[in-house]
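Let me begin by presenting the structure, written as structure tokens, before commenting on it.
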Number of protein chains: 2
Amino acid sequence: MKDMNQTNQQILSYARNFLQCRGYNGFSYKDISQKLGIKNAAIHHYYPQKEDLVAALLEASRNKLAADIAQIVESGGSAREQLQYYFDYALKEFDEGKSICPPGSVILDFEELPEKVKKQNLLLLDDILTWISRVLKTGVEQGEFNFSDPVDARAELVVEALMGARQLSSIKGRKTLVRSISLIKSDLGWKD
Amino acid sequence: MKDMNQTNQQILSYARNFLQCRGYNGFSYKDISQKLGIKNAAIHHYYPQKEDLVAALLEASRNKLAADIAQIVESGGSAREQLQYYFDYALKEFDEGKSICPPGSVILDFEELPEKVKKQNLLLLDDILTWISRVLKTGVEQGEFNFSDPVDARAELVVEALMGARQLSSIKGRKTLVRSISLIKSDLGWKD
DNA sequence: TTACTTACTTACATATAAGTAAGTAATGGT
DNA sequence: ACCATTACTTACTTATATGTAAGTAAGTAA
């Protein structure tokens, strides 16, 4: 939050990109500093340790998610609109080259991750699951969706399927992602 | 293939475990050699480079998959039985601590991976997708499954969903995996 | 018994990541 | 004019991964 000058923002932006492409152990401060045309050690000025950087990045994701949801809800967004936002977000990130969602990108390294990062990741994951559960619940109540499974289990599968779809699509291309999203929707009894 | 003495087998076994927990960049020759009580350089005796090791490991997966499928088919396994084998395999691996499937475990590092490893991973992925497509196709024809989407798209989603489910389950526990598998089945119109 | 192979070890080379300490140049306030 | 702060750079340390070269001990085949 605090001092958000341009360099800091660019650091976060590139770090996010790298994280969502290569995971926690897949990028270094040097990768970022080279992009910005500054030195390795400059990143340490903003984020003394890598865990600080990634934790900050995940926390920012979480705040953005909360703000975006609040805005949709406030403007009277239906369950379908909210879920569509989730899918569109994945597509947008795919088009920006961020093939993997943040939670997915650190799952592999999860056990070996610094506590700080683990914690932020769990919080983000939980926010997403809670939100999707709530969306599915109201969607079923409003007749926007139609399925008979427990809402929480179904929400988990939606998140998992999208996570997997993003990963496979990073190899097989955008069409795969689009197609899978449309199947996920149809499994919710969402007929256009 | 060739010389499969005990050390070699153990190397492959530990490497597979590490790969499926931590991904390509998440483990080193030292991790493996320590487990075996031998020296780092001994692994290089069997696999001069890391890419040789991982490529060999993926190829072995592919061969095992082909053999297992052949055996099920030969013994007259139905589409449901074949698909159940796929799910049971995921559960078995989960119980062995291999939380992530091999293809999923290298997707994050994919672009930066040595050609050899990329190639083997694509082949494995393709074998799985082809197999599941074929199983779904015959399953629909035999009335074992019931869905209306194109078989290939549905097969992709099954694979993606299971991949994602394994990953989330590595954090949230076995119950999540079991629950998601049962939803994936119900989305195929598989009612017990 | 000699020659060769297998399965390693010791010791080293190279690269890179993560992090620190100290210094500098520019800016703004007092 | 002085001081503090910000935003870096230079130069270094430490740790670890990957890989190589050379050697050795035990077994195998002629």
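Below, read A as the first sequence line, B as the second, and so on, with proteins coming before strands; counting in each chain starts at 1. Note: hydrogens, waters and symmetry copies are ignored here, and every other heavy atom, side chains too, is used.
- As rounded to whole Å, 15 Å separates atom P of dG19(D) from atom OH of Tyr47(B).
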Which atom pairs, donor and acceptor, lie under 3.5 Å between side-chain atoms of residues 143-152 of chain A and protein residues at least two apart or in another chain?
{"residue": "Glu144(A)", "atom": "OE1", "partner": "Ser78(A)", "partner atom": "OG", "Å": "3.4"}
{"residue": "Glu144(A)", "atom": "OE1", "partner": "Ala79(A)", "partner atom": "N", "Å": "3.3"}
{"residue": "Glu144(A)", "atom": "OE1", "partner": "Arg80(A)", "partner atom": "N", "Å": "2.9"}
{"residue": "Glu144(A)", "atom": "OE2", "partner": "Ala79(A)", "partner atom": "N", "Å": "3.4"}
{"residue": "Asp149(A)", "atom": "OD2", "partner": "Arg154(A)", "partner atom": "NE", "Å": "2.9"}
{"residue": "Asp149(A)", "atom": "OD2", "partner": "Arg154(A)", "partner atom": "NH2", "Å": "2.9"}
{"residue": "Asp152(A)", "atom": "OD1", "partner": "Ser133(A)", "partner atom": "OG", "Å": "3.1"}

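- For Lys98(B), the salt bridge (charged side-chain N to carboxylate O under 4.0 Å, His left out) test picks out Glu96(B), with sequence neighbours left out.
- When the C1' atom of dT18(D) is taken as reference, atom CD1 of Ile32(B) falls 12 Å away, rounded to whole Å.
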Sugar-phosphate or base contact per nucleotide [nucleotides 10-18 of chain C; S, B, -; heavy atom under 4.0 Å]: B------SS
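- A cation-pi arrangement is present between Lys50(A) and Phe27(A), with the terminal nitrogen or guanidinium carbon under 6.0 Å from the aromatic centre and inside a 45° cone about the axis.
- The side chain to side chain donor-acceptor pair (under 3.5 Å) check on Ser61(A) picks up Arg16(A), with sequence neighbours excluded.
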Steps toward side-chain contact (heavy atoms from CB on, under 4.5 Å) verdict (Ile43(A), Ile38(A)): CA-CA 9 Å; Ile43(A) 318 278; Ile38(A) 58 180; 4.2 Å; yes
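- Atom-to-atom, CD1 of Ile43(A) to C1' of dG19(C) comes out at 13 Å; the value is rounded to the nearest Å.
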Pair assignment for DNA chain D - dot-bracket with | for other-strand partners, Watson-Crick or G-U under 3.5 Å: ||||||||||||||||||||||||||||||
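- Applying the 4.0 Å criterion to OP1 and OP2 of dT6(C), one finds that Asn5(B) has every side-chain N and O outside that range.
- For the pair Asn25(B) CG and dT18(D) C1', the interatomic distance rounds to 12 Å; values are reported in whole Å.
- A salt bridge does not link Lys92(A) with Asp88(A): every distance from a Lys NZ or Arg NE/NH1/NH2 to an Asp or Glu carboxylate oxygen is 4.0 Å or more.
- How far CG of Asn25(B) is from CG of Leu19(B): 10.0 Å, rounded to the nearest 0.5 Å.
- Salt bridge absent: Asp31(A) and Lys35(A) never bring a charged side-chain N and a carboxylate O closer than 4.0 Å.
- Atom CD1 of Ile38(A) is separated from atom C1' of dT24(C) by 16 Å (rounded to the nearest Å).
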Donor-acceptor contacts, no H, no angles, side chain residues 111-120 of chain B, under 3.5 Å, sequence neighbours left out:
{"residue": "Glu112(B)", "atom": "OE2", "partner": "Arg22(A)", "partner atom": "NE", "Å": "3.4"}
{"residue": "Lys116(B)", "atom": "NZ", "partner": "Asp52(B)", "partner atom": "OD1", "Å": "2.3"}
{"residue": "Gln120(B)", "atom": "OE1", "partner": "Arg62(B)", "partner atom": "NE", "Å": "3.4"}

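- Between Thr7(A) and dA7(D) there is no side-chain N or O to OP1 or OP2 distance below 4.0 Å.
- Distance His45(A) NE2 to dA25(C) C1': 13 Å, rounded to the nearest Å.
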